[in-house]
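Every chain is numbered from 1 and lettered A, B, ... according to where its sequence line falls, protein lines coming before strand lines.
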2 protein chains.
Amino acid sequence: MISRQKLLEAAAAVFAESGFRGATTRRIAEAAGVNEVTLFRLFGSKQQLMAEAFECVHPLLGNSLPDEPSADVEKELVAWATAHLDGMRQVRHMIRKTMAELEEHPEMTEFVCDAKTPYFQQLVSYATLLRRPATAAEREETRTACTMLSSALFADALGRDVVPTAYPSPPNTAARKYVKVFLKLLGIAPARPRRRVALGTGRAR
Amino acid sequence: MISRQKLLEAAAAVFAESGFRGATTRRIAEAAGVNEVTLFRLFGSKQQLMAEAFECVHPLLGNSLPDEPSADVEKELVAWATAHLDGMRQVRHMIRKTMAELEEHPEMTEFVCDAKTPYFQQLVSYATLLRRPATAAEREETRTACTMLSSALFADALGRDVVPTAYPSPPNTAARKYVKVFLKLLGIAPARPRRRVALGTGRAR
DNA sequence: CGTTGATGCAAGCACGTACTTGCTTGAATC
DNA sequence: GATTCAAGCAAGTACGTGCTTGCATCAACG
């Protein structure tokens with residue numbers, strides 16, 4: 001039964017490298033170190049192998065935002081954005097291939113869509129709790145800010161190695177920059193320059 | 001010589017629909033209404049046909065930002081962003097396919113990169129003239145804001161029809177929203193709610 | 001020991017794809 | 001009217017690709 005797992009992983013890897021058409025059953029079998037016939041015996045067809053292979057990649061993408069903002073909002077958001085960005089960077093080849101082949105393989109839509117949507121919704125909820133927008137305009141501005149943060153992470157993950165000039169911040173600090181700008185948009189001042197309350201070294205008066 | 005042009009256009013169209021591997025010489029010739037043999041007589045090989053086809057798509061993407069910001073900055077930026085977004089939306093299939101096949105066809109990199117880079121550089125120059133950032137931090141923040149605006153347009157063009165939930169603003173007003181947020185980031189107040197000077201309906205005192 | 005079940009190997013089938021060859025047509029040019 | 005030249009058509013070649021078949025191997029389990 002170990003051949004199954006090896007084939008699934010190889011299928012995902014070869015697909016990420018060459019897309020559906022380029023991921024031939026010969027290449028997948030070779031990458032898995034398994035005979036091509038075994039592939040068909042275990043999965044019946046290439047279609048079905050690929051379909052199963054997609055299920056296994058899902059849970060790779062970063063972690064979740066907490067339901068309630070904590071004391072150090074910036075730290076929390078930076079951690080989330082960094083993890084999210086790193087996760088997307090790791091599977092960027094897969095995402096690029098998937099997005100390119102949506103018309104030919106519509107069943108892949110859910111792979112991208114289901115993975116992305118909850119992250120965006122989480123961010124909107126979080127931002128709404130942070131800012132508590134009152135007017136409709138403020139609510140819309142908040143949503144737009146979320147779209148822009150989410151877009152920045154998406155575009156950075158997919159575009160940095162293609163158009164590096166459009167991403168001047170170094171890769172490891174980019175997420176922090178995006179979050180800072182996002183917080184400024186929401187009117188949340190950065191934690192650093194604000195007063196520190198009752199820490200051991202606090203000066204008297 | 002008209003067959004040449006028809007083949008070039010058909011090649012670009014079929015490539016945008018199905019990628020390099022999917023764009024078979026049969027399909028291209030059929031789409032062009034030309035015999036397949038003619039394709040090889042005129043271009044020698046599929047590779048060469050595709051290479052020439054790419055040259056013709058370049059100049060499609062929107063217009064330029066002026067060198068100097070004019071009086072109505074918001075209007076100017078909205079017009080630019082809208083045109084840029086529309087242009088990218090029109091060729092989004094092509095961009096998606098190209099980005100997915102960069103590893104296999106590295107010569108396409110310049111197609112994406114050369115098209116994108118100048119737009120970003122223009123935006124940075126424009127924003128720098130607008131805000132005149134003094135400190136290094138301000139300069140970096142300005143660049144990050146430019147990355148985020150440019151990322152928002154990019155992600156909207158490529159992602160809206162895939163993950164619509166992440167783009168709550170309707171397609172025709174989205175560019176305006178992004179620009180407004182961008183201007184707020186730069187500390188440029190929107191033109192509307194500020195004092196209006198010497199307009200007919202201005203109230204006395 | 002004999003059976004079973006997963007896997008490997010060699011070969012092949014049917015079809016699609018890039019590309020070629022040889023011949024015909026038909027309109028423009030001298 | 002003879003020549004030329006782009007284009008069509010039919011057929012074919014060599015190879016890649018999804019998938020099948022028949023048989024051998026080999027470890028696990030009763």
Side-chain angles (χ1 to χ4, degrees), chain A residues 1-56 93-94 97-98 100-108 111, chain B residues 1-56 93-94 97-98 100-108 111:
Chain A
M1 285 297 171
I2 202 170
S3 298
R4 264 190 86 85
Q5 200 54 35
K6 281 198 287 186
L7 279 168
L8 286 171
E9 285 166 23
V14 177
F15 170 83
E17 202 182 316
S18 311
F20 190 90
R21 254 184 271 259
T24 68
T25 53
R26 295 220 212 293
R27 281 186 64 196
I28 294 172
E30 189 186 13
V34 160
N35 195 285
E36 193 188 354
V37 188
T38 306
L39 187 159
F40 289 99
R41 276 201 271 249
L42 290 178
F43 295 93
S45 75
K46 176 180 165 178
Q47 280 273 356
Q48 208 154 343
L49 165 64
M50 297 310 284
E52 286 195 43
F54 271 78
E55 315 276 301
C56 314
H93 295 101
M94 190 114 183
K97 258 73 180 186
T98 308
E101 305 196 4
L102 285 179
E103 294 94 359
E104 291 178 284
H105 303 275
E107 72 277 10
M108 290 175 176
F111 170 71
Chain B
M1 288 295 170
I2 203 172
S3 298
R4 265 190 85 85
Q5 200 53 35
K6 282 198 285 185
L7 279 168
L8 287 171
E9 287 167 23
V14 176
F15 171 83
E17 202 181 317
S18 311
F20 191 90
R21 254 183 268 259
T24 67
T25 53
R26 292 216 215 299
R27 281 186 63 196
I28 295 172
E30 188 185 13
V34 161
N35 194 287
E36 194 187 354
V37 187
T38 306
L39 186 159
F40 289 99
R41 275 200 273 249
L42 290 178
F43 295 93
S45 75
K46 175 179 163 179
Q47 282 272 356
Q48 207 154 344
L49 165 64
M50 297 309 284
E52 286 196 42
F54 270 78
E55 315 277 299
C56 313
H93 295 103
M94 191 112 183
K97 257 74 180 186
T98 308
E101 306 197 2
L102 286 179
E103 293 94 0
E104 292 177 285
H105 303 274
E107 72 277 10
M108 290 174 177
F111 170 72

Check your understanding: How long is the span from the CZ atom in A:Arg21 to the CD atom in A:Glu101, to the nearest 0.5 Å?
Key -> 7.0 Å

Review point. By ring pair (Phe, Tyr, Trp, His ring centres under 6.0 Å), which residues pair with B:Phe43, not counting sequence neighbours?
Key: none

Review point. How far apart are the closest heavy atoms of A:Leu42 and A:Ser3, and which atoms are they?
Key: CD1-CB, 3.9 Å

Check your understanding: How does each nucleotide of nucleotides 12-20 of chain D score, in 5' to 3' order, for protein heavy atoms under 4.0 Å: base (B), sugar-phosphate only (S), or none (-)?
Key -> -----BBBB

Exercise for review: Could you tell me whether the side chain of B:Lys46 and the main chain of B:Thr25 form a donor-acceptor pair under 3.5 Å?
Suggested key: no

Using distance only, find each side-chain donor-acceptor pair of residues 11-20 of chain B under 3.5 Å and give its atom names and separation, not counting sequence neighbours.
{"residue": "B:Glu17", "atom": "OE2", "partner": "B:Arg27", "partner atom": "NH2", "Å": "3.4"}
{"residue": "B:Ser18", "atom": "OG", "partner": "B:Arg27", "partner atom": "NH1", "Å": "2.8"}
{"residue": "B:Ser18", "atom": "OG", "partner": "B:Arg27", "partner atom": "NH2", "Å": "3.3"}

Review point. Should A:Leu49 and A:Arg4 count as side-chain neighbours, where that means a heavy-atom distance under 4.5 Å?
Key: no

Review point. Would a 4.5 Å heavy-atom cut-off, applied to side chains only, mark A:Met50 and A:Ile28 as touching?
Key: yes

Check your understanding: Roughly, in whole Å, what's the span from CD in A:Gln5 to C1' in C:dA6?
Key -> 17 Å

Exercise for review: Answer yes or no: does a side-chain N or O of B:Asn35 lie under 4.0 Å from OP1 or OP2 of D:dA7?
Suggested key: no

**Study point:** Length of the CZ-P vector between B:Arg41 and C:dT21, whole Å
**Key:** 12 Å

Every protein N/O within reach of nucleotides 25-29 of chain D N/O, cut-off under 3.5 Å:
none

Review point. What is the distance, rounded to the nearest whole Å, between atom CG of B:Leu42 and atom P of C:dT20?
Key: 13 Å

Review point. Restricting to pairs with a member in residues 29-43 of chain A, which pass salt bridge (charged side-chain N to carboxylate O under 4.0 Å, His left out), not counting sequence neighbours?
Key: A:Arg26-A:Glu36

Revision key, fill the gap. CE (A:Met108) and CG (A:Leu102) are apart, to the nearest 0.5 Å, by 8.0 Å

Exercise for review: Report yes if at least one side-chain N or O of B:Ser3 is closer than 4.0 Å to OP1 or OP2 of D:dA7; otherwise report no.
Suggested key: yes

Check your understanding: Whole-Å distance between D:dA7 C1' and B:Arg4 CZ?
Key -> 15 Å

Check your understanding: How far does the helix from C:dC1-D:dG30 to C:dC30-D:dG1 bend, going by the axes of its first and last five pairs, to the nearest 10°?
Key -> 0°

**Study point:** Rounded distance (Å) that lies between atom P of C:dT7 and atom CZ of A:Phe43
**Key:** 10 Å

Exercise for review: Taking A:Thr98 for its side chain and A:Met94 for its backbone only, find out whether a donor-acceptor pair lies under 3.5 Å.
Suggested key: yes

Review point. Between A:Glu30 (CD) and C:dT7 (P), how many Å, whole number?
Key: 19 Å

Exercise for review: Confirm from the modelled atom types if B:Arg27 and C:dG16 form a donor-acceptor pair under 3.5 Å, side chain to base only.
Suggested key: no

Study note, to complete from the structure: Distance col, row A:Leu7:CG vs A:Phe40:CZ, nearest 0.5 angstrom, shows 10.5 Å

